[in-house]
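Data block below; observations after.
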Protein chains: 2
Amino acid sequence: MDHDSRRRQIARAVFDLISERGMEGATLRDTAARAGVSMGAVQRCFSTKEQMVAFVMEYMNQRITDRVQAEIPDTANPATAMTTLEHTLAATLALDQPSRAETRVWLAFTAQAAIDPALAAVQSEEYAGLAKLIALLISAAQTHGHAHPDLDPDQEAEALITLTDGLNIQLLLGRHTPGSARTALHHRLNGLRIN
Amino acid sequence: MDHDSRRRQIARAVFDLISERGMEGATLRDTAARAGVSMGAVQRCFSTKEQMVAFVMEYMNQRITDRVQAEIPDTANPATAMTTLEHTLAATLALDQPSRAETRVWLAFTAQAAIDPALAAVQSEEYAGLAKLIALLISAAQTHGHAHPDLDPDQEAEALITLTDGLNIQLLLGRHTPGSARTALHHRLNGLRIN
DNA sequence: GCCGTTCCGATGCGCTTGCATCGGAACCTA
DNA sequence: TAGGTTCCGATGCAAGCGCATCGGAACGGC
């Protein structure tokens, strides 16, 4: 088997373990067992557990990014910027089972980042990229008269990301249903819309 | 020393350890050392580590509740309900060093609650209590013409709590400063205000 | 076809963990 | 003050951890 694909295979196993049992559930032995390989294989792919965890964080970020990008149409259509914006933000929410798993992992890494500045820096970069994308969609909506023109796209993007973070926590705790979260997001976006 | 006060003393030690090193930093040995007692004392106060952690969660919730309650004036003054509302919500934010520590612990427990329904149920109750208080303040503001009358206090309370959760994450990751978080909260509350 | 290199599964090691055990100090009751 | 109970500090123990080690399998160049 290819080296990189094995790394991804192992990362997937770690991802599942963290999603089910939290950060402490990601031991080398359980990871190897879940991935269907031996411990030696894991140690060959990642020289240390810390490196493995760091790789899994990138893997998680990639999965989230992929899910978000899937909502962006190939041909940029400014006429539907607001709809694209809503779908993009919804893509970051824990609305179904796979995204719930991702969000649990995200929360575990976020808690880790809160006590590890190195992880915080990485996640901050990730947020910055998402914020840039959201701000771009807001700008597009503004130039076509679908969003209030006197809003700062960057500031509004930050606010929307803050909203989705809060919604995700409430979703994981069961205080929001997928439906109510969607409604809350839609209601919040009404504050941007013109018509 | 009194039994209950020793439990609180130990809980405080666990609290600090979790705040600094996360959930995994709360070992029995380190807890005992930090609290200045022996391991035997810890084991006498809490028959198992799981019970100890559960007690620490209550301890954390109590600290947050205390901080919030301190913002509620003794004599309910409906004329300043909106101000009280803003101060109350600000009390849940990680704006200074002590509240940052509390919020790190809160995030650690929230991540745990995401994979443990029992913890999620407890935290859900805690949220419900806070939401009730927020909704009450909104209602008071409405009856005195300081808040838009056609808003659902309960729904708005949920939205505000969701906002503070998101702000806290951004604060811990360093993507919000205390000042920008205060501004974001104030700006959000402008949506409720009448004058 | 043989050897050198690369890879990997298995095992061992040192360490830490939560928990059980036990001897003695401290304190209350009579 | 003697005896009994309560408490606690120290130590032991089994399990699990990350990591190092090593023998053998698989593969490629000459």
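So you know, we letter chains A, B, ... as the sequences are listed, proteins then strands, and number each from 1. These values consider heavy atoms only, across backbone and side chains, with no hydrogens, waters or symmetry-generated copies.
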>> Tell me whether A/R7 contacts the main-chain N or O of A/C45 through its side chain, where contact means a donor paired with an acceptor under 3.5 Å.
In response: yes
> Which residues satisfy the side chain to side chain donor-acceptor pair (under 3.5 Å) test with B/S99, sequence neighbours excluded?
Replying inline: B/D96
>> The side chain of B/A41 is closest to which nucleotide in this list: D/dG9, C/dC8, D/dC19?
In response: D/dG9
> Considering only heavy atoms, which members of residues 45-55 of chain B lie under 4.0 Å from some atom of DNA chain D?
Replying inline: none
> Out of D/dC19, C/dC8, C/dC19, which has the shortest distance to the side chain of A/S38?
Replying inline: C/dC8
> Which of residues 15-30 of chain B sit near DNA chain D, with a heavy atom under 4.0 Å from it?
Replying inline: B/R29
> What is the distance from CD1 of A/I10 to P of C/dC7, rounded to the nearest Å?
Replying inline: 14 Å
> D/dT21 P sits how many Å from A/M39 CE, rounded?
Replying inline: 14 Å
> A/Q112: what forms a side chain to side chain donor-acceptor pair (under 3.5 Å) with it, not counting sequence neighbours?
Replying inline: none
> Would you say D/dT6 has OP1 or OP2 under 4.0 Å from some side-chain N or O of B/R44?
Replying inline: no
> Does A/R12 come within less than 4.0 Å of A/D16, counting only side-chain N to carboxylate O?
Replying inline: yes
> Roughly how many Å is it from CD in B/Q43 to C1' in D/dC8, rounded to a whole number?
Replying inline: 10 Å
> Can you name the side chain to side chain donor-acceptor pair (under 3.5 Å) partners of B/S19, sequence neighbours left out?
Replying inline: B/R104
> Can you list the residues that meet the side chain to side chain donor-acceptor pair (under 3.5 Å) rule with B/Q43, with sequence neighbours excluded?
Replying inline: none
> Where the side chain of A/E102 meets the backbone of A/A94, is there a donor-acceptor pair that is under 3.5 Å apart?
Replying inline: no
> Under the salt bridge (Lys or Arg N to Asp or Glu O under 4.0 Å) criterion, do B/R188 and B/E156 qualify, and how do the steps go?
Replying inline: CA-CA 11 Å; B/R188 173 64 176 81; B/E156 208 61 29; 2.9 Å; yes
